[in-house]
Number of protein chains: 2
Amino acid sequence: MTQTRPYHHGNLRQAVLDRAAVVLRERGAAGLSLRELSADVGVSHAAPRRHFADRQALLDAVAADGFARLGTRLREAVDAHPRYADRLRAAATAYLDFGLTEANLVELMFAHQRGAGGAQVRQGATDAFEPLLDVFRHGRQEGVVADGDAERLGLLLVATVQGITNLVACGVVPAAEAGALLDAAVGRFPGAGA
Amino acid sequence: MTQTRPYHHGNLRQAVLDRAAVVLRERGAAGLSLRELSADVGVSHAAPRRHFADRQALLDAVAADGFARLGTRLREAVDAHPRYADRLRAAATAYLDFGLTEANLVELMFAHQRGAGGAQVRQGATDAFEPLLDVFRHGRQEGVVADGDAERLGLLLVATVQGITNLVACGVVPAAEAGALLDAAVGRFPGAGA
DNA sequence: CACGAATGTATTCAGCGCACACATTGTTGT
DNA sequence: ACAACAATGTGTGCGCTGAATACATTCGTG
């Protein structure tokens, strides 16, 4: 009757990451405790150490996962529209949505990276932003974006939207004004229409 | 000979804040410990509690202080130039400088505010950005900025520069490219010249 | 100068990250 | 089949932390 829990969890790493994502959303990165996560998942408090060298390694993994999810969202948003201007707006909106829904996650993703694990997180970030660069590469084909501007415009879009997300997330700009601010920002990019 | 340390420190609150600013710069917000700060300053580990209700209250105070310093820097940068375009560039450059020099502090300042102390921090942020809004108000007098656009442009400038700072601080954009990216961003604001 | 408010001290407690020795299970070569 | 080894989970202990509480000292003020 009493189903004995097997000695080996089987998928402990992913289970911890999943639980960490939930706690992160509810209580922020400061509320993430390896011991509490262990208890939640039902293993001893030392078990996760087999999968995460230390607490920072767990945070890095959560952040990398976040960038992967953000990248997927951006890719979907871009692919949903054929024309440059629509792709630009859709990507920016998707970014803002993600940032407001997962404010704590984004805060962690963009936290100052110190250790060696930071390199992997940074690579994840670069990959995630690829769809945005594609928007401007596509815009160049449509003749709206000048040659060689694609990369710089991509970074500028990331910076602008991340900045807006940041301001709204920390409460300096009311959430109600986020959309209008984003529209104003996107509208200033070449070929976005007034 | 042996100068007896007085029972009352005299300026404990400011001493803790000063020491916290140093530790924050060296080791980040996660490295801030009330107990260690107490030892550094030379008081018992419970003493700071008379001035900061809990750890978060200390972080809030450090953040508020950071916004005050940022505001001063921005004001100085703006006041140093008479013309709109120069003021815009100087302010943006001053912001980026501050952000790169005090990356850990800025990260703390823009951290998601939860508790009641967040309101004071948010007010400090709004005050600090006032010089930037003034730039565009001044631009309207010069006829470069349209009526009613000042506030929105100000927030957009904050968002853009904060976003760039964020990207550079977390290592996604190399520090060497920060200046060029900032130039490109500022150049897209009305009346900034090409 | 007495008395309350402000400020600092000493002690205690629970939770945390981390390190280590040990236990159990999965895998692989012969 | 089975021995040896790698991978994974457990239990214990240490030092540090934030927080709560009772107590001590000093300051300010009537």
Side-chain angles (χ1 to χ4, degrees), chain A residues 2-20 22-24 26-63 104 108 111-118, chain B residues 2-20 22-24 26-63 104 108 111-118:
Chain A
T2 53
Q3 173 72 8
T4 321
R5 183 162 41 84
Y7 193 93
H8 282 146
H9 180 284
N11 202 6
L12 181 55
R13 181 187 160 91
Q14 194 57 47
V16 170
L17 282 177
D18 290 347
R19 180 61 191 160
V22 173
V23 175
L24 178 64
E26 293 172 352
R27 310 209 304 267
L32 282 177
S33 139
L34 281 175
R35 291 176 104 105
E36 184 182 324
L37 292 175
S38 304
D40 291 346
V41 170
V43 295
S44 92
H45 70 266
R49 202 157 299 276
R50 300 290 175 190
H51 305 275
F52 307 100
D54 56 15
R55 192 186 122 99
Q56 187 57 50
L58 169 68
L59 297 183
D60 286 345
V62 172
N104 289 333
L108 175 62
H112 187 43
Q113 298 298 334
R114 291 161 195 85
Chain B
T2 54
Q3 174 72 7
T4 320
R5 182 163 42 84
Y7 192 94
H8 281 142
H9 180 284
N11 202 5
L12 182 55
R13 180 187 160 91
Q14 194 57 45
V16 170
L17 281 177
D18 289 347
R19 179 62 192 160
V22 173
V23 175
L24 177 66
E26 292 172 352
R27 310 209 303 267
L32 282 177
S33 141
L34 282 175
R35 289 176 104 105
E36 185 181 324
L37 292 174
S38 303
D40 291 347
V41 170
V43 296
S44 91
H45 69 265
R49 205 157 297 276
R50 299 289 176 191
H51 304 276
F52 308 101
D54 56 15
R55 192 185 122 98
Q56 187 57 51
L58 169 67
L59 297 183
D60 286 345
V62 172
N104 290 332
L108 174 63
H112 187 43
Q113 297 298 334
R114 292 162 195 85

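Below, chain A is the first sequence line, B the second, and so on; all start at residue 1.
Residue B:His51 contributes atom NE2, which lies 17 Å from atom C1' of D:dA19 at whole-angstrom precision. Here the P atom of nucleotide D:dA19 and the CZ atom of B:Phe52 are 13 Å apart, to the nearest Å. In this structure, the CZ atom of B:Arg49 is 17 Å from the C1' atom of C:dA6, given to the nearest Å. D:dT8 atom P lies 10 Å from atom CG of A:Leu12, rounded to whole Å. With rounding to whole Å, B:Leu58 atom CG is found 9 Å from D:dG18 atom P.
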Run the side-chain donor-acceptor check on residues 10-17 of chain A: report pairs under 3.5 Å with partners two or more places apart or on a different chain.
from	atom 1	to	atom 2	distance (Å)
A:Gln14	NE2	A:Asp18	OD1	3.0

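Listed by residue number, the members of residues 34-47 of chain B with any heavy atom below 4.0 angstrom from DNA chain D are B:Leu34, B:Arg35, B:His45.
Distances from the side chain of A:Arg55 to the nucleotides C:dG17, D:dA19, C:dT7 place C:dG17 closest.
At the phosphate of C:dG17, OP1 or OP2 sits under 4.0 Å from a side-chain N or O atom of A:Ser33.
Applying the salt bridge (Lys or Arg N to Asp or Glu O under 4.0 Å) test to A:Asp54 and every residue at least two apart in sequence or in another chain returns nothing. In terms of the salt bridge (Lys or Arg N to Asp or Glu O under 4.0 Å) criterion, B:Arg35 has no residue partners (sequence neighbours excluded). Listed by chain and number, the residues in a side chain to side chain contact (heavy atoms under 4.5 Å, CB included) with B:Ala63 are B:Leu108, B:Met109, B:Val121 (sequence neighbours excluded). The salt bridge (Lys or Arg N to Asp or Glu O under 4.0 Å) check on A:Arg19 picks up A:Asp40, with sequence neighbours excluded.
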Taking it one step at a time, do A:Leu32 and A:Arg55 satisfy side chain to side chain contact (heavy atoms under 4.5 Å, CB included)? CA-CA 9 Å; A:Leu32 282 177; A:Arg55 192 186 122 99; 4.0 Å; yes
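Using a 4.0 Å heavy-atom criterion, one finds that B:Leu32 contacts the sugar-phosphate atoms exclusively.
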